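Single-structure report; data block below.
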Amino acid sequence: MAQIFPEWTNRIPLAAGLGGPALLVLLVAGVWYYGSPRYTDVGYMPRQPVPFSHRLHAGELGLDCRYCHASVETSSVANVPPTATCMNCHHVIARESPKLAAVRESARTRMPIAWVRVHDLPDFSYFDHGAHVRAGVACASCHGRVDQMEEIRQVEPLSMSWCLDCHRNPAPHLRPPSEVTKMGWVPPADQLAIAERAIRERGIRPPEDCSGCHR
């Protein structure tokens with residue numbers, strides 16, 4: 001009786017047995033990487049209604065983060081500065097600049113500027129800015145060197161595993177509270193020893209259980 005299928009079809013089961021698991025591994029790896037915040041969120045840089053340059057303000061001019069984000073040490077959220085904060089300087093400096101038209105209009109109408117949120121945690125996550133700043137976690141630890149950014153972009157994934165890595169070992173990320181907002185801060189040689197002492201003396205115990213961030 002003549003063969004129905006050609007001889008090469010005998011190799012299909014072997015190819016499927018070897019290639020199937022390899023394809024599954026590649027699929028899982030692809031979903032794990034390309035679906036992770038490190039791929040989907042890092043680098044996010046939306047266009048803002050006003051071309052505010054952190055490189056100029058925080059870098060060249062050396063403005064402290066807290067001049068604009070005034071409640072970051074006491075509030076659970078880092079406030080977006082009101083237009084009045086901008087106008088403290090810009091009622092004199094660059095007062096006719098077309099780049100600041102939206103700022104002047106906001107000051108005139110008293111309607112807030114519609115800034116676009118860059119670092120946007122899920123609604124089921126609770127993050128307290130004040131607690132982290134008071135503990136000595138630097139602005140740059142989460143937001144990167146904003147003093148070198150023309151436009152703010154996300155530089156860390158802000159994922160649960162990323163947060164837990166710091167909660168489980170906070171010492172490398174702790175500074176003296178007076179240095180929290182300083183960009184380009186260089187830790188001393190004994191920084192880890194200082195941080196470990198601060199953890200003991202101030203009772204810094206970042207939560208690792210679910211209720212610490214999900215309430």
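Keep in mind that this is a model prediction, so the values were computed, not measured. All values below were derived from every heavy atom in this structure, side-chain atoms included, with hydrogens, water molecules and symmetry-related copies excluded.
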Verdict with supporting geometry, Glu151 and Met45, side-chain contact (heavy atoms from CB on, under 4.5 Å): CA-CA 7 Å; Glu151 296 180 64; Met45 187 174 63; 3.7 Å; yes
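- Contact annotation: the side chain of Met87 approaches that of Val103 to within less than 4.5 Å [non-hydrogen atoms, C-beta and beyond].
- Side-chain atoms of Ser141 never come within 3.5 Å of backbone atoms of Val137 as a donor-acceptor pair (strictly under, hydrogens ignored).
- Between the Arg145 side chain and the Met183 main chain, no donor and acceptor come within less than 3.5 Å of each other.
- Summarising the geometry of Gly43 relative to Arg153, their closest heavy-atom pair is O-CB, 4.3 Å, with the distance given to 0.1 Å.
- Within the 4.5 Å cutoff, side-chain heavy atoms of Leu192 are placed close to those of Pro172.
- Residues passing the side-chain hydrogen bond (donor to acceptor under 3.5 Å, both in side chains) test with Tyr39, sequence neighbours excluded: none.
- Linking ILVMFWY residues whenever their side-chain heavy atoms come closer than 4.5 Å, directly or via other members, leaves Met160 and Phe127 in distinct clusters.
- Residue pairs meeting the ring-ring contact (aromatic ring centres under 6.0 Å, His included) criterion with at least one member in residues 142-168, sequence neighbours excluded, are His119-His143.
- Phe52 has its side chain out of reach of Glu150: every pair of non-hydrogen atoms, C-beta onward, lies at least 4.5 Å apart.
- Follow the hydrophobic side-chain contacts under 4.5 Å out from Val80 and you reach Val50 in the same cluster.
- Inter-residue side-chain proximity for Cys89 and Val92 is flagged as unmet; no heavy-atom pair is nearer than 4.5 Å.
- Between Pro81 and Cys68 the shortest heavy-atom distance is CB-O, 3.4 Å.
- Between His57 and Tyr67, the distance separating the two ring centers is not shorter than 6.0 angstrom.
- Note on Leu158 and Tyr44: separate hydrophobic clusters, where clusters join Ile, Leu, Val, Met, Phe, Trp and Tyr whose side-chain heavy atoms are under 4.5 Å apart, directly or indirectly.
- Take Asp64 and apply the side-chain hydrogen bond (donor to acceptor under 3.5 Å, both in side chains) test, not counting sequence neighbours, and it matches Arg66, Thr181.
- In this structure, the side chains of Pro176 and Trp185 come closer than 4.5 Å at one or more pairs of heavy atoms.
- Applying the salt bridge (charged side-chain N to carboxylate O under 4.0 Å, His left out) rule to pairs touching residues 15-26 yields nothing, sequence neighbours excluded.
- Annotation: Arg202, atom CZ; neighbour count of heavy atoms from other residues, nucleotides and ligands within 6.0 Å is above 12.
- Between the CG atom of Leu56 and the CG atom of Leu63 there is a distance of 8.5 Å, given to the nearest 0.5 Å.
- Residue pairs meeting the salt bridge (charged side-chain N to carboxylate O under 4.0 Å, His left out) criterion with at least one partner in residues 155-169, sequence neighbours excluded, are Arg168-Glu208.
- The same ILVMFWY cluster, assembled from side-chain heavy atoms under 4.5 Å apart, contains both Val155 and Val116.
- The CG atom of Leu61 sits 12.0 Å away from the NE2 atom of His54 when rounded to the nearest 0.5 Å.
- Side-chain atoms of Asp190 never come within 3.5 Å of backbone atoms of Ala193 as a donor-acceptor pair (strictly under, hydrogens ignored).
- Across all their heavy atoms, Ser159 and Pro37 have their closest contact at CB-CG, 3.9 Å.
- Taking SG of Cys213 as the start and CG of Leu121 as the end, the distance is 9.0 Å to the nearest 0.5 Å.
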Apply the test side-chain contact (heavy atoms from CB on, under 4.5 Å) to residues Gln48 and Val118: give CA-CA distance (whole Å), side-chain angles for both, the deciding distance (0.1 Å), then the verdict. CA-CA 10 Å; Gln48 300 291 353; Val118 177; 3.7 Å; yes
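- Every residue two or more places apart in sequence or in another chain was checked for a salt bridge (charged side-chain N to carboxylate O under 4.0 Å, His left out) with Arg200, and none qualifies.
- Ser53 contributes atom OG, which lies 8.5 Å from atom NZ of Lys99 (distance to the nearest 0.5 angstrom).
- Taking CD of Gln191 as the start and CD1 of Ile194 as the end, the distance is 7.0 Å to the nearest 0.5 Å.
- Side-chain atoms of Arg134 never come within 3.5 Å of backbone atoms of Pro177 as a donor-acceptor pair (strictly under, hydrogens ignored).
- Taken from CD1 in Ile199 to CG in Leu174, the straight-line distance is 5.0 Å, to the nearest 0.5 Å.
- In plain terms, the two heavy atoms of Ser71 and Val77 that are nearest each other are OG-O, 3.9 Å.
- Judged by distance alone, the side chain of His214 and the main-chain N or O of Phe124 form a donor-acceptor pair under 3.5 Å.
- No donor-acceptor pair under 3.5 Å is formed between the side chain of His69 and the backbone N or O of Val72.
- Between the Arg55 side chain and the Gln148 main chain, a donor and an acceptor come within less than 3.5 Å of each other.
- Between the side chain of Asp41 and the main chain of Gln154, no donor-acceptor pair closer than 3.5 Å is present.
- Across every non-hydrogen atom of Arg104 and Pro98, the tightest pair is NH2-CA, 4.3 Å.
- Closest approach of Pro157 and Arg38 over heavy atoms only: CG-NH2, 3.4 Å.
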